[in-house]
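Structure first, then comments.
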Amino acid sequence: MRTLKKLLAVALMTTAIAPATMVGAAFAAKTSLIMGMVLEPPHLDPTAGAPAAIDEVVYANVFEGLTRIGSKGEVLPGLAESWDISEDGKTYTFKLRTGVKYHDGSAFDAEDVKFSLDRARAEGSTNAQKALFAGIDSVTVKDASTVEVQLKSPAGNFLFNMGWGDAVIVAPETADGNKANPVGTGPFKFGSWVKGATLNLVKNDDYWGTPVALEKATFRFISDPAAALSAMLAGDVDAFANFPAPETIPQLRADPRFNVVIGSTEGETILSTNNTKPPFNDVRVRQAIAHAIDRQAIIDGAMFGLGTPIGTHFAPHHPAYVDLVGQYPLDLEGAKKLLADAGYPNGFKATLKLPPPSYARRGGEIVASQLRKIGIELEIIPVEWGVWVPEVFKAKDYDLTIVSHTEPMDIGIYARDDYYFNYNSDAFKATITKLNETTGEADRYALMAEAQKIITNDAVNGFMFQLAKAGVWNAKINGLWENSPVQANDLTGVSWSD
Amino acid sequence: MSAFLKTALRNKSFATGFVITCVVVLMAAISFVWTPYDVTDLDIGSKLKAPGWAHWFGTDHFGRDIFSMIMVGARNSIAVALVAVIIGVGFGVPLGCWAAARGGLLDEALMRGNDVIFAFPALLSAVMITAVFGPGAINAIIAIGIFNIPVFARLARGAALSLWPRDFIMAARAAGKTKTRITIEHIVPNMANLLIVQATIAFALGIIQEAGLAYVGLGTQPPLPSWGKMLNEAQTMMSFAPHMAIIPGLAIVITVLGLNLLGDGLRDVLDPRLTRKRD
């Protein structure tokens with residue numbers, strides 16, 4: 001009897017305490033976030049690799065540049081608190097923030113800026129976007145907090161370029177180790193990385209700017225769309241900046257636990273074409289393909305309606321965008337005639353290599369069925385990114401492929417000499433050179449329009465659609481980006497609302 | 001043959017399995033000459049239609065007719081499973097008979113070799129083979145076929161070993177026939193029943209394995225449909241288009257069930273002792 005009483009007392013006490021602790025827990029807002037990502041970065045140095053996944057983990061979170069790009073694509077002060085541009089547009093003087101420390105405790109100063117920019121534009125640099133730095137003539141340290149950048153010619157988008165993940169500032173002592181152990185100046189420090197599963201960032205208590213609300217941010221890598229859906233529904237991840245299964249968006253939208261935000265990306269999704277490989281070296285063949293592609297069917301079939309048709313390699317939400325969707329209307333007879341003129345009256349066979357995302361795999365099946373109607377038989381070859389990058393992107397061993405180019409303002413890639421499209425147009429190169437030297441907005445827009453028209457006239461690639469950003473996150477999360485003007489998951493403004 | 005069928009059809013398992021298998025094979029055969037719709041023709045406008053009169057089994061996310069896809073998919077499943085069984089029988093039976101006839105070290109070596117293949121989970125090794133040689137129906141056939149070899153080798157060896165001491169074999173040996181001739185003329189015909197039953201079971205397993213490989217993207221490649229691939233594509237659409245998952249799932253279940261019933265029935269029919277015991 002006595003033990004029973006004791007037990008009863010203990011039971012009463014615990015029931016009295018339990019609700020109190022539970023209430024306490026419920027009122028304190030969460031300070032950790034689990035962000036789902038489809039692709040895992042190969043390493044964590046944004047200055048030494050093209051994969052978007054690197055920037056999507058470290059940009060603005062771990063590493064910062066002189067400027068930073070805001071959620072609407074605007075240029076904001078970063079490690080440079082202000083800057084002056086000379087009359088001739090060729091000299092930029094950056095005033096740097098003081099009291100900034102790297103995660104290893106060392107101080108940030110002008111020497112680091114000079115080191116980072118010189119390293120990126122050096123002869124043997126492994127920077128994936130060397131073009132961003134090509135216009136720099138010299139970088140001079142004026143004093144510990146002032147840097148002067150001299151350009152070869154005025155560059156209208158220089159400040160925007162300095163906000164890219166590829167232009168972040170690193171310290172000379174730690175630069176070589178950033179791939180495995182990134183040391184930056186950002187509000188989050190690198191925590192741990194379980195390859196193939198998760199990556200943790202932890203709050204940097206010594207951050208120079210506004211402290212972040214999150215104590216811990218975890219990135220979980222889930223490549224399978226079906227697994228992404230179950231992880232989201234089960235609450236195993238709190239957010240997906242770009243949800244990989246567009247067909248499930250209505251289901252997620254109907255669920256009050258989630259906030260679904262459809263925004264824009266800089267991702268021009270294109271049927272990349274090997275422009276030097278016969279028969280694709282004939283502009284008539286490429287134009288025939290353009291006439292045979294039904295963009296709306298691809299958007300509806302592959303993306304369940306998410307996406308905007310494009311007629312050139314330019315983001316439709318950009319003010320300089322020219323709508324060229326109508327230049328090659330769906331016209332199977334016209335396409336067949338073009339093929340016949342090019343010497344392929346009965347069509348031909350080619351391969352279509354498809355990386356894993358559904359826009360490519362599903363889009364590819366639709367493109368193959370559309371091109372079959374004009375006699376082009378495509379053999380579909382699904383490839384993993386680990387194969388796609390060396391084989392298609394680097395070795396240019398492909399006929400056709402589908403990929404989304406998510407870098408902002410990247411029409412300049414068509415002017416590159418050794419890019420995987422193998423496109424070579426002197427007129428286009430001249431236009432881009434002129435664009436890079438022009439600073440007036442109206443003049444720049446006119447040149448951008450001209451560039452868009454040249455690649456559409458040459459039908460360099462099959463221009464399909466602008467990738468939408470299907471953001472899905474817990475309805476209690478604030479501060480995630482609606483659009484992605486740069487490749488980033490900027491968590492600096494993220495907080496939970498309870 | 002018709003006399004055999006007459007007796008066999010009295011067995012319920014055999015009859016059910018036989019009918020189901022015939023329907024599936026017939027569907028696959030018809031798909032060569034006719035399908036309600038072209039399976040490589042995507043019609044995005046009529047995507048995700050529920051089963052109805054125009055599309056008996058509905059349409060998928062590309063607007064393809066699922067009934068047509070099931071028909072063509074049956075063809076792929078059967079082709080892959082059948083060739084895989086042929087590989088298994090073609091290599092496994094001679095190996096098993098050889099091991100039984102020679103005995104000794106050769107027997108040991110062959111059987112331990114079989115054990116090595118057996119030690120790998122079949123599907124995992126099939127993934128490995130297709131990963132090395134690239135995905136596709138041909139490699140799927142080879143991958144599945146290789147794992148049928150030890151199954152048939154063991155069966156043939158066991159059966160042959162029990163036959164060798166029998167009197168009629170002794171008689172044949174006494175008459176001066178070579179081991180090879182005895183194997184071909186006496187051993188193999190006497191184990192045919194066992195082999196037929198095992199082949200039916202291996203065939204059913206082959207269908208499941210083909211679907212499994214196609215599900216992970218290593219089997220039949222687009223634009224040709226395959227049951228496993230259809231299941232994979234249906235995953236994220238189950239909440240609003242359940243027919244996309246249910247129909248290929250049922251196709252696999254029914255086909256495999258039919259083959260298993262057929263195998264069970266065959267065993268009963270071909271082994272008179274077993275049938276009597278059951279009565």
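Residue numbers start from 1 in every chain, and the chains themselves are labelled A, B, ... in the order their sequence lines are given, proteins ahead of strands.
One finds the CD1 atom of B:Ile44 at 7.0 Å from the OG atom of A:Ser369 (value rounded to the nearest 0.5 Å). A distance of 7.5 Å separates CD in B:Glu233 from CZ in A:Arg362, rounded to the nearest 0.5 Å.
Interface with chain B: from residues 234-248 of chain A, residues A:Ala245, A:Glu247, A:Thr248 qualify, criterion being any non-hydrogen pair under 4.5 Å.
When each of A:Ser230, A:Ala368, A:Gly301 is checked for heavy-atom pairs under 4.5 Å with chain B, A:Gly301 comes out on top. For the set A:Gln296, A:Arg361, A:Glu365, the count of heavy-atom pairs under 4.5 angstrom toward chain B peaks at A:Glu365.
Counting heavy atoms of neighbouring residues, nucleotides and ligands inside a 6.0 Å radius, atom CZ of A:Phe348 exceeds 12 of them. In B:Phe240, the CZ atom is crowded: over 12 heavy atoms of neighbouring residues, nucleotides or ligands sit closer than 6.0 Å. Within a 6.0 Å sphere centred on NZ of A:Lys337, other residues, nucleotides and ligands contribute 12 heavy atoms or fewer. For B:Ile196, the CD1 atom counts as densely surrounded, since its 6.0 Å shell holds more than 12 non-hydrogen atoms of other residues, nucleotides or ligands. Crowding of A:Lys373 atom NZ: a count of heavy atoms from other residues, nucleotides or ligands under 6.0 Å exceeding 12.
Ring-plane geometry between B:His61 and A:Phe304 is classed as parallel, the angle between the planes falling under 30 degrees on a 0 to 90 degree scale with a further cut at 60.
When side chains are defined from C-beta on, B:Asp41 does not count as touching A:Arg372, because their heavy atoms never get closer than 4.5 Å.
A search for side-chain contact (heavy atoms from CB on, under 4.5 Å) contacts involving B:Leu82 returns B:Ile86, B:Phe203, not counting sequence neighbours. Judged as a salt bridge (charged side-chain N to carboxylate O under 4.0 Å, His left out), and not counting sequence neighbours, A:Arg220 has no contacts. Take A:Val387 and apply the side-chain contact (heavy atoms from CB on, under 4.5 Å) test, not counting sequence neighbours, and it matches A:Val383, A:Glu391.
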